[in-house]
Amino acid sequence: MLLRFQVTNHASLQEEQELSLVVGDHHPERAEAELPDGSVRVVPVVAVYGTNASGKSNLLDALGWMRSAVLSSFRRWDPNGGVPRRPFVLRREAASYPSSFAVDFVVGGVHHQFGFSVDDDQVTEEWLYYYPEGRQRRLYERGADGTVTFGRWLTGRRKLIAELLRPNSLYLSVAAAQGHDQLSEVFRWFGFGLRMATDHDFPQRLDHTVQLCLADEGEHSSASAMALLRFADLGVHGLEIKEWDEAAREDHQRITRALRDALGDKVRIQQEQARRVRVEHRTADGVFPLDLAYESSGTRTWIGLIGPVITTLETGGVLCVDELDARLHPYLVDALVGMFQSPETNRAGAQLVFSTHEAALLGRNVRTELFRDQVWFTEKDPQTLATRLFPMTEFSVRDSADNLEKRYLGGRYGAVPHLDDELLRDMSVAFRHGGGREAGKTAEADEGRTPGAA
């Protein structure tokens, strides 16, 4: 269960931004989850809207980077390579500003808060608190000098772990690598309770779907995967999953080596799939398998989401999807959001956080209604070009009474493009007169001015 996420100085997120999933208004028709003591309730779905380049993706990227730092800082980061962060760079002396991340979440029915700050070289702060019986208790705090201070509620080999700590690794990461029982439970939340779905992790998500499909036929997850596969009305009958032919595997490896030799190690090559996946289509003449590469981008997108969606709904984790509407029909997006919103299909307290341009989800012609405490916006500051994140609850909105789609597209909440029609007219002149330089002369002549005159 995710309660809130805070980030400062990551990519376009210059000042502190907070995304909250805490319920603003109770709606029994949606799958709200709550802490065992009833003190906090959270929404099952949050949608983030905004224009292109307004920072929607960077918000989710920040949460994904935090997850990666927890899972990888000790085992995979270069011990002498500093911190591979991506700070906000559109200001002077950008490297002197640390990047900070903090998340409130629930593990074992107890509210926890974990966070850290980093610069280009090291971790400058790290902290972990938990709230049994609603009161904050310190598990540990780490200062800029690397000193770790422990609370009496943290047991185990805590000082030994501190001795293994590197300047650019998180204490939580080291503790998990050393098998610390208490902290490994928190570490596992980042690995299995928080899932990301972006264009960069499609091979892993596809393999996740494949694993569900290969499960025993009687298992619920396998049946659910096949049901979702056919639900999208893509003409799909099933998946044909086979081990790669050794000759085909060798061809792929040879091509990969050739590309790296020609273009260098920095070239991005799509990871080889563990198995060959083909999509089966049933027609009047029989069943015909097609390689995944020949399927539409929408079909591939849907198949890559099936695994994470089913597992998240079954286990009660958090799934973050960047641009959920990309390549998928609005009806399909509506249905997917509805799986998380509905108490019937979301019985484990699962949460979906996604960015989107699809304004139809705010309208009255959808099956799934999003309420005002589930809608957030990103907008770029015209002076600093930094992102501002703000909720719909900042505005006077009546759920179910106001047409949210019409108001959003009409600019009532901001976070819509400001289109300069004058630039389109200049482009039209350029097309008409065959070139930018001549077009500029013609435009000035049309306005009765001498070219170059002030």
Side-chain angles (χ1 to χ4, degrees), residues 1-6 21-22 33-42 44 63-77 101-117 123 125-142 148-166 169-196 204 208 221 308 310-320 346-353:
M1 181 190 299
L2 177 63
L3 304 179
R4 62 179 58 87
F5 170 61
Q6 294 172 296
L21 282 78
V22 175
E34 65 178 8
L35 287 176
D37 62 6
S39 60
V40 175
R41 301 179 68 90
V42 294
L63 186 55
W65 192 91
M66 182 184 193
R67 175 182 184 269
S68 176
V70 171
L71 300 180
S72 305
S73 64
F74 180 64
R75 295 187 177 184
R76 297 184 181 179
W77 286 4
F101 307 82
V103 62
D104 288 70
F105 56 100
V106 175
V107 172
V110 179
H111 173 195
H112 287 66
Q113 183 187 76
F114 171 74
F116 60 87
S117 296
V123 178
E125 287 183 280
E126 184 181 353
W127 62 91
L128 177 62
Y129 309 112
Y130 77 141
Y131 297 78
E133 302 173 355
R135 298 180 61 183
Q136 185 189 87
R137 293 178 179 175
R138 179 181 64 185
L139 292 174
Y140 69 84
E141 293 175 346
R142 173 184 182 179
V148 183
T149 305
F150 303 101
R152 61 188 179 90
W153 293 275
L154 182 66
T155 59
R157 298 176 300 168
R158 54 192 194 181
K159 292 185 178 179
L160 174 62
I161 295 170
E163 292 175 0
L164 299 173
L165 196 60
R166 298 195 313 262
S169 63
L170 295 170
Y171 184 89
L172 180 60
S173 305
V174 181
Q178 296 303 310
H180 189 283
D181 290 339
Q182 191 176 0
L183 296 183
S184 290
E185 188 177 10
V186 176
F187 179 88
R188 282 192 294 271
W189 181 86
F190 284 93
F192 301 102
L194 177 62
R195 298 180 179 87
M196 309 299 298
Q204 292 84 0
H208 193 162
S221 58
I310 290 176
T311 300
T312 304
L313 286 171
E314 287 186 343
T315 61
V318 182
L319 176 61
C320 299
N346 185 0
R347 298 175 177 272
Q351 293 172 291
L352 173 67
V353 180

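Only heavy atoms go into these numbers, but all of them, side chains included; no hydrogens, no water, no symmetry mates.
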Next item on the list: Determine yes or no for a side-chain-to-main-chain donor-acceptor pair under 3.5 angstrom, with S173 supplying the side chain and L71 the backbone.
Entry: no
Item checked: Side chain R142, main chain W127, donor-acceptor under 3.5 Å -> no
Item checked: Euclidean distance, H180 NE2 relative to I161 CD1, rounded to 0.5 Å -> 5.0 Å
Note to self: With side chain to side chain contact (heavy atoms under 4.5 Å, CB included) as the criterion, how do L2 and V103 come out once you've worked through the C-alpha distance, each side chain's angles and the decisive distance to 0.1 Å?
What the structure shows: CA-CA 8 Å; L2 177 63; V103 62; 3.2 Å; yes
Next item on the list: Would you indicate whether the side-chain heavy atoms of L139 and W153 approach each other to under 4.5 Å?
Entry: yes
Checklist line | L172 side, atom CG; F187 side, atom CZ - distance, nearest 0.5 Å | finding: 7.0 Å
Item checked: Donor-acceptor contact below 3.5 Å, side chain Q182 vs main chain T155 -> yes
Next item on the list: Give the minimum heavy-atom separation between G349 and A33, together with the two atoms involved.
Entry: CA-CB, 4.1 Å
Checklist line | Euclidean distance, L319 CG relative to Q351 CD, rounded to 0.5 Å | finding: 11.0 Å
Notebook entry, point to check: How many angstroms lie between atom CZ of R41 and atom CE of M1, to the nearest 0.5 angstrom?
Noted result: 9.5 Å
Margin query: Can you tell me how the ring of Y131 sits relative to the ring of H111, calling it parallel under 30°, perpendicular over 60° and tilted otherwise?
Written below: parallel
Next item on the list: For R195 and H208, work out which heavy atoms get closest and say how close.
Entry: NE-CE1, 4.4 Å
Note to self: If the test is ring pair (Phe, Tyr, Trp, His ring centres under 6.0 Å), which one of F114, Y130, F105 qualifies with W189?
What the structure shows: F105
Item checked: Residues, nucleotides or ligands: over 12 heavy atoms within 6.0 Å of F192 CZ -> no
Notebook entry, point to check: If only atom types and distance count, is the side chain of R166 paired as donor or acceptor with the main-chain N or O of S73 below 3.5 Å?
Noted result: yes
Note to self: Nearest 0.5 angstrom please: L154 CG to T149 OG1, how far?
What the structure shows: 12.0 Å
Check: Got a second to check how far R138's CZ is from R152's CZ, nearest 0.5 Å?
Finding: 11.0 Å
Notebook entry, point to check: Can you name the closest pair of heavy atoms from G109 and L35 and give their distance?
Noted result: O-CD2, 4.3 Å
Check: When the ring planes of F101 and W65 are compared, do they come out parallel, tilted or perpendicular, using 30° and 60° as the limits?
Finding: parallel
Item checked: Side chains of L194 and L63 in contact at under 4.5 Å (non-hydrogen atoms) -> yes
Notebook entry, point to check: Is there a side-chain contact between L128 and L183 (heavy atoms, below 4.5 Å)?
Noted result: yes
Next item on the list: Quick one: closest heavy-atom pair of S169 and V174, and the distance?
Entry: OG-CG2, 3.8 Å
Note to self: Side chains of R158 and V148, heavy atoms from C-beta outward: is any pair under 4.5 Å?
What the structure shows: no
Item checked: For Q178 against R157, the heavy-atom pair lying closest together -> O-NH2, 2.8 Å
Notebook entry, point to check: Do the side chain of Q113 and the main chain of Q136 share a donor and acceptor less than 3.5 angstrom apart?
Noted result: no
Next item on the list: State whether the side chain of Y129 and the backbone N or O of E141 hold a donor-acceptor pair below 3.5 Å, judged by distance alone.
Entry: no
Notebook entry, point to check: Closest approach of V318 and T312, non-hydrogen atoms and distance?
Noted result: N-CG2, 4.0 Å
Next item on the list: Would you please test D37 and E133 for side chain to side chain contact (heavy atoms under 4.5 Å, CB included) and show each step?
Entry: CA-CA 8 Å; D37 62 6; E133 302 173 355; over 6 Å; no
